[in-house]
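Take a look at the structure set out below.
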Amino acid sequence: MSKTGFDLVVVSNRLPVDLCVDGAGEVTWTRSPGGLVTALDPVVKNAQAAWVGWSGAPDQTIEPFDAAGTFLAPVELSAAEVAQYYEGFSNDTLWPLYHDVIAPPAYHRAWWDTYRRVNARFAHAAAKQAAEGATVWVHDYQLQLVPALLRQLRPDLRIGFFNHIPFPPFELFQQLPWRRQILDGLLGADVIGFQRRTDAANFRRAVQLLTAINARSERFTIKTDDGERRTVAAKAFPISIDSAAFNELARTPEVQQRAKEIRKELGNPDVVMLGVDRLDYTKGIRHRIKVYGELLHDERISVADCTLVQVASPSRENVEAYQDLREQVEILVGRINGEYGELGHTAIHYLHHSYPQDEMAALYLAADVMLVTSLRDGMNLVAKEYVAARHDLSGALVLSELTGAADELSGAIMVNPHDIDGMKDAFMHAAHMPAAESRRRMRRLRRKVMHNDVSKWAHAFLDMLVVVGDENDAHRNRGESLSPVAEVENIA
Ligand code: F6P
């Protein structure tokens, strides 16, 4: 670390690694779950950056440390804060609200108070690590107040915010008692990035309807507390993966060998279908399993020729909606396996674990059909990983229209996950796809995924931050203020 701090500081709820303390007090670090780390890890690796985030365990005071070229600065959360800020406001209020209220959001004032307090702690931690004029990149819905809080502490910084999940239509966002405070928090950033154009449009419409700011275009002007003008950009930057690295991983002899072993362990069926998700109600896991069960019932497939592997990695296990989902999924899997399984042929291989990347690459290679059936999903990087792994142009991707990935991956078989009959036909189409069609589709998919990789995403975002940051520095240096009649409102 330099004496004056870092030129790039990433701030996210979790650090890229999770602390696990077992019963005997033994400490280990594992890769954090989810798409955010998948995307950001290659961006910050060896970039001499600092990463501010929570260790994933409550009540742990951990000194900052270096990990593979990144300086990790842990933010401490008490058990009560984990319950109210992380499990409560982030994952039982914002998460369901931002995902089409698939589960009902809970609104509790005590959770909101804790969310504010924890966001302020993250803002202070980021301010501490940032060099003069540094770029601070804040991530995701858990930290929406950080941009404005950080700007108050450090007006010299260039602040970007990226929302990894959908931003809801105004008619849903309107439900949130603290909707105005959330907008003010986000508007502290110079650039606010979203996965899809619809997300950015939803955000700008909320700004338009709840403030006096004219946010009709992607770049608009606001007036700061001290009367200065500031430009804000709010637009889509679809996130991706380190496609080349994933492609390379899938080509290694070890991964190819492991893929063969997996098929053998599954009994060498004609068709292997695969689902890979965090065990989350937004992912449409129940819908997918229902479809597979009905296909068995209709005898359009049999367990001997078509098996389903469902990786459901543990997630947010203290939140009731997630506990309910786990129970529902496991009952459904048990019922289908009991009804249709045979000695030597399991219908659904249900794996409630997380796996390292090389095992994931082998699973993707072993699967003829990848099933992504989310009911709402910011992007879905699993779909992109599957495509990056299929270097021999085989395999078929079934993709929900309700994912951000659907905007780009037009070579997939698109499904509406609520249309069970439509999904049944799509699964069958994918399972029996002629090799020539599969090659044609996969070539198209790979063109997109290999070209639009995570480094392109990061550069697009950070380049925009330079443009807007320069513009705002120029405003500041010229001491430009807006005329009192301008149609803007003060932002804290
Ligand atoms: O993008 C959604 C997100 O919350 C990310 O921040 C994270 O990568 C992933 O889901 C996993 O969630 P959690 O940190 O709650 O386990």
Side-chain angles (χ1 to χ4, degrees), residues 11-30 32-34 36-37 51-65 72-99 103-129 138-150 152-153 164-165 175-179 181-182 184-186 278-281 313-326:
V11 190
S12 67
N13 172 55
R14 276 184 199 271
L15 288 170
V17 284
D18 246 7
L19 178 75
C20 307
V21 187
D22 69 13
E26 185 81 15
V27 167
T28 48
W29 292 91
T30 56
S32 298
L36 187 147
V37 169
W51 191 323
V52 172
W54 171 48
S55 72
D59 297 312
Q60 299 289 330
T61 311
I62 303 156
E63 288 307 313
F65 60 100
L72 305 186
V75 173
E76 186 174 340
L77 296 183
S78 69
E81 286 167 345
V82 172
Q84 300 206 332
Y85 146 78
Y86 170 69
E87 290 158 358
F89 199 76
S90 296
N91 290 318
D92 215 3
T93 304
L94 295 173
W95 181 268
L97 179 67
Y98 283 31
H99 286 88
Y107 301 113
H108 296 296
R109 286 164 288 177
W111 291 1
W112 163 249
D113 288 342
T114 309
Y115 182 84
R116 274 174 40 200
R117 199 172 60 245
V118 170
N119 269 245
R121 189 174 310 149
F122 274 84
H124 277 95
K128 190 171 160 198
Q129 299 303 337
V138 185
H139 290 266
D140 232 354
Y141 62 103
Q142 302 96 339
L143 301 176
Q144 292 174 97
L145 305 180
V146 170
L149 294 166
L150 185 57
Q152 278 171 7
L153 295 168
H164 290 250
I165 68 171
Q175 288 185 15
L176 187 68
W178 309 280
R179 60 205 185 186
Q181 290 94 317
I182 293 286
D184 289 349
L186 291 171
R278 276 186 308 101
L279 188 45
D280 193 299
Y281 52 79
S313 48
S315 188
R316 306 172 188 167
E317 293 184 290
N318 290 328
V319 180
E320 201 179 314
Y322 289 75
Q323 293 164 354
D324 292 348
L325 175 74
R326 180 170 180 191

_Taking the side chain as everything from C-beta on, heavy atoms only, tell me whether E87 gets closer than 4.5 Å to V82._
yes
Should W51 and L15 count as side-chain neighbours, where that means a heavy-atom distance under 4.5 Å? yes
(Q) Treating Q323 as the side-chain partner and E317 as the backbone partner, does any N or O pair qualify as donor plus acceptor under 3.5 Å? (A) yes
Correct closest heavy-atom pair for V17 and W29 would be CG2-CE3, 3.5 Å
Review point. Would the number of heavy atoms belonging to other residues, nucleotides or ligands and lying under 6.0 Å from CD of Q175 be above 12?
Key: yes
Tightest non-hydrogen contact, residues A103 and P96, listed as O-CB, 3.2 Å
- Indicate whether the side chain of Y85 and that of N13 have a donor and an acceptor atom separated by less than 3.5 Å. yes
Closest non-hydrogen atoms of A123 and L149, given as atom of the first, atom of the second and distance, are CB-CB, 3.8 Å
Looking only at heavy atoms, the pair that brings I62 and S55 closest together is CD1-CB, 3.7 Å
The reported gap from NE2 in H124 to CG in N119 (rounded to nearest 0.5 angstrom) is 12.5 Å
Rounded to the nearest 0.5 angstrom, the CG-OG distance for D140 and S90 is 9.0 Å
Smallest heavy-atom separation, F122 atom then S12 atom, equals CE2-O, 3.4 Å
For a side-chain contact (heavy atoms from CB on, under 4.5 Å) check, start with the C-alpha distance between V118 and W54, then their side-chain angles and the critical distance, and finish with the verdict. CA-CA 11 Å; V118 170; W54 171 48; over 6 Å; no
In this structure, CG of L279 is separated from CZ of R326 (nearest 0.5 Å) by 7.5 Å
**Pair T61, E76: side-chain N/O donor-acceptor within cut-off below 3.5 Å** = yes
H139 and V11: CA distance, side-chain angles, deciding distance, side-chain contact (heavy atoms from CB on, under 4.5 Å) verdict | CA-CA 6 Å; H139 290 266; V11 190; over 6 Å; no
Interatomic distance, CD1@I182 vs CZ@R179, rounded to 0.5 Å, equals 12.0 Å
Report yes if some heavy atom in the side chain of V319 is under 4.5 Å from a heavy atom in the side chain of Y281; otherwise report no. no
For N91 and Y322 the tightest heavy-atom approach is O-CE1, 4.3 Å
Checklist entry - Do the side chains of P105 and Y98 get nearer than 4.5 Å, heavy atoms only? => result no
Answer yes or no: is there a side-chain heavy-atom contact under 4.5 Å between Q144 and L94? yes
Sorted by chain and number, sequence neighbours left out, side chain to side chain contact (heavy atoms under 4.5 Å, CB included) with R116 holds for W112, D113, L145
So do the side chains of V52 and V75 get within less than 4.5 Å of each other, counting heavy atoms only? yes
Query raised in the report: Would you call R316 and D92 a salt bridge, using N to O less than 4.0 angstrom?
Result: no
- Item | Within the 6.0 Å centroid threshold, strictly below: W95 and Y141 | yes
Tell me yes or no: between the side chains of Q84 and T114, is some donor less than 3.5 Å from an acceptor? yes
Hydrogens and angles aside, do R14 and Y86 bring a side-chain donor and acceptor to less than 3.5 Å of each other?
yes
Output for pair (W111 CH2, F89 CZ), nearest 0.5 Å, gives 9.5 Å
(message) With a 4.5 Å cut-off on side-chain heavy atoms, are R121 and L77 touching?
(response) yes
